[in-house]
Amino acid sequence: MIRHRFLSSIGLSFAAASVSLAQAGKVEPESTPEITWPTLVEIARFSHEGAGSSAYDIATNMLFATGTKDIAMIHLGQGPDAALVRTLNPALESGLDAPDTATITSVVCDPRGRGVAMATVVPKDKATVPGRAVFFETRTGKTLASVTVGFDPVSALMTFGGGNVFIANRGAAAVSDRGLVIDPPGTVTWIGLDGFDDANAFRALDQSAVSTISPNGPLLTKTLPEMRIHPDMQATPSFDLEPTGLAMGGNWLCITFQANNCIGTFDLIKKQWRAFFPLGAIEQRIDACAQDGPNISDEFQTLPMPRDLAIMSSRGDMFIVTANAGAKRGRIDRDTDAAHPDAATLGWLALSKKVSEASTADGDLTYEGSGGLDISTFTGDVDGDGVIDHPSAFGSRSLSVWDVMSGQLLGDTGAAIEKHIAKHAPTFFNANHGRPDVGSLDYGPRPVSVVAVKVGRSRFAFTGLERPGAIAIVDVSTPSAPELSDILIAAEHGDTGLPTLTLIAAKDNPTGEDVLIAGYAGSGTVVIYRIVMP
């Protein structure tokens, strides 16, 4: 069991003295505490249905933002003069059958300035038909090439020099019309791009540039007993692994396996797996009830299950920063068509004698207590008797820092995010679809995305919170003690749902400042923020 200290939240508001009283000499003006963290200032916004991931092209100053049906092309300009140029739909040029039912899941742009971008496209039948990677010209939006990748591609990463593209193919399972479970393998696609000198050259890109990284080998075999593998998949565990997020650390590719509560590292030089790190459980104080308002008083084991990660360096060492979102594949306590259901409420599990009496003896298992909290149905069975000894919730509702060499947990923000929102924005606390507190039953504020930025000698992580739609700013300068600095509650401005984040460095964009792009899927808004340094 991993234990850590809980960090207290830091206030959003600052005391300010009355100018008139100060001038009259009746009171001494109060000093305003110095802000020591970067802040976000909105400079432009756009409506875009299902707004998701985004990427910036240095050759054209064009921002590409995925949506439900297409990609928005936004000319970044100097900031306030950013303008929507047009939309395009790479799915129509992907070569897939029924492209109008396909989903565009990610987009990346070439950092070398060749004027090329790539989008991943997932077909409707994602468990039986592999996805596609579509390369297009950033000036015109015209398709240059399309290649087949793995099943259910969900995220992509282009290397700093633009020589390679990596795609995380989740390989999520599905149930066929005949009721059969189809579970394709989760893989990482590697596309080599070094032989293409300009956009026109990409027309020659074909399947020969594509290779596959599959989770396998003795390191995986050794680690599997500690990984979160569904009981239905114990005989074929490699098919249960679901790559989700990608980040680069030197010559290593770091990969989250969200559903499996694991991080893997792959050596790109040796072309072999370096390590798999099962993340275990973090003991956390959370709000586990949706009927009592903000009340962060329940202690549970929580599974980090990060969706996204970032790489941070400090004093010559590298660290992994994770947004601990949590993810469940379906429920067993009610009718479901999920392929591998793995969640049920704590109250249902207790009534079904699937959790030990000792683990719930002191708890209120009604919905007025923690009985409604979603629990993993096969994690925490210590003695293998089919009864859960340590009930574990999905997602740690926090940001964590891990050692890249050992996978050891160095620091975690604990309950700071929930405490902060409870204190400063209680009407948005764990809000889902406009209803406060209902999100307490599964993922809480749900940190889903993270990007890291250097400010002088300090390091900060911007973390996107799905509920209600917010961005947390966390000081990760000391890896063993990440500290929440502030939270921008974007929902107060109407921006709700999954905020995916993209950082554009000052040297790469015309504003001359670091810029953060947030895609809010719930409200269908793309917001461009200027990062104001302290």
With a 3.5 Å cut-off and no angle check, do the side chains of [X] and [Y] form a donor-acceptor pair?
X      : Y      : result
Ser53  : Ser106 : no
Thr265 : Arg274 : yes
Ser485 : Asp475 : no
Trp190 : Asn164 : yes
Gln258 : Asp308 : no
Thr511 : Arg530 : no
Thr525 : Ser523 : yes
Thr120 : Thr105 : yes
Ser314 : Asp317 : no

With no hydrogens and no angle check, is any side-chain donor or acceptor of [X] less than 3.5 Å from a backbone partner on [Y]?
X      : Y      : answer
Arg467 : Gly439 : yes
Ser146 : Ser94  : yes
Gln207 : Thr148 : yes
Arg459 : Ser313 : yes
Thr496 : Gly469 : no
Asn260 : Cys262 : no
Asp70  : Thr66  : no
Asn261 : Met305 : yes
Arg446 : Gly326 : yes
Ser449 : Pro499 : yes

Given side chains that start at C-beta, do those of [X] and [Y] come closer than 4.5 Å, heavy atoms only?
X      : Y      : result
Thr189 : Phe166 : no
Ile531 : Val455 : no
Leu76  : Met62  : no
Leu516 : Thr502 : no
Leu465 : Ile487 : yes
Trp402 : Phe277 : no
Leu193 : Met158 : yes
Val450 : Leu501 : no

Might you work through the side chain to side chain contact (heavy atoms under 4.5 Å, CB included) test for Phe319 and Val404, ending with a clear yes or no?
CA-CA 5 Å; Phe319 305 95; Val404 77; 6.0 Å; no
List the steps, then state whether side chain to side chain donor-acceptor pair (under 3.5 Å) holds for Thr244 with Arg170.
CA-CA 6 Å; Thr244 312; Arg170 183 170 52 185; over 6 Å; no
What pair of heavy atoms forms the shortest contact from [X] to [Y], and how long is it?
X      : Y      : value
Ala119 : Ile104 : CB-CG2, 4.2 Å
Gly264 : Phe257 : N-CE1, 3.9 Å
Leu219 : Trp273 : CD1-O, 3.2 Å
Glu418 : Pro445 : CG-CD, 3.6 Å
Gly150 : Thr187 : CA-OG1, 4.1 Å
Ala172 : Pro184 : O-CD, 3.6 Å

Let me see the working for Ile263 and Ile320 under side chain to side chain contact (heavy atoms under 4.5 Å, CB included), right down to the final yes or no.
CA-CA 9 Å; Ile263 292 174; Ile320 299 172; 4.0 Å; yes
Any ion pair linking [Y] and [X] (charged N to carboxylate O, less than 4.0 Å)?
X      : Y      : value
Arg45  : Asp495 : yes
Arg114 : Asp197 : no
Arg307 : Glu466 : no

How many angstroms lie between atom [atom1] of [X] and atom [atom2] of [Y], to the nearest 0.5 angstrom?
X      : Y      : atom1 : atom2 : value
Phe429 : Asp287 : CZ    : CG    : 4.0 Å
Ile417 : Leu399 : CD1   : CG    : 6.5 Å
Asp152 : Ile167 : CG    : CD1   : 12.0 Å
Ile213 : Ile255 : CD1   : CD1   : 6.0 Å
Ser396 : Ile282 : OG    : CD1   : 4.0 Å
Asn169 : Thr212 : CG    : OG1   : 7.5 Å

The test is side chain to side chain donor-acceptor pair (under 3.5 Å); show your working for Asp412 and Gln284 and say whether it passes.
CA-CA 10 Å; Asp412 185 86; Gln284 204 79 290; 3.3 Å; yes
Check the pair Ser214, Asn216 against side chain to side chain donor-acceptor pair (under 3.5 Å), reporting the backbone distance first and the verdict last.
CA-CA 6 Å; Ser214 298; Asn216 54 30; 4.8 Å; no
Near Arg86 CZ, under 6.0 Å, is it more than 12 heavy atoms from other residues, nucleotides or ligands?
yes
More than 12 heavy atoms of other residues, nucleotides or ligands under 6.0 Å from NE2 of His75: is that the case?
yes
Testing Asp508, Thr138, Asn61 for side-chain hydrogen bond (donor to acceptor under 3.5 Å, both in side chains) with Tyr56, which one passes?
Asn61
Qualifying residue for side-chain hydrogen bond (donor to acceptor under 3.5 Å, both in side chains) with Ser398, from Thr413, Thr322, Thr463, Asn324:
Asn324
Evaluate salt bridge (charged side-chain N to carboxylate O under 4.0 Å, His left out) for Arg112 paired with Asp194, printing each intermediate quantity in order.
CA-CA 11 Å; Arg112 197 183 297 180; Asp194 262 339; 3.0 Å; yes
For the residue pair Phe64 and Phe136, is the inter-centroid distance of their aromatic rings smaller than 6.0 Å?
yes
Test side chain to side chain contact (heavy atoms under 4.5 Å, CB included) on Met318 and Ile311; report intermediate values, then the result.
CA-CA 7 Å; Met318 283 198 305; Ile311 302 299; 4.0 Å; yes
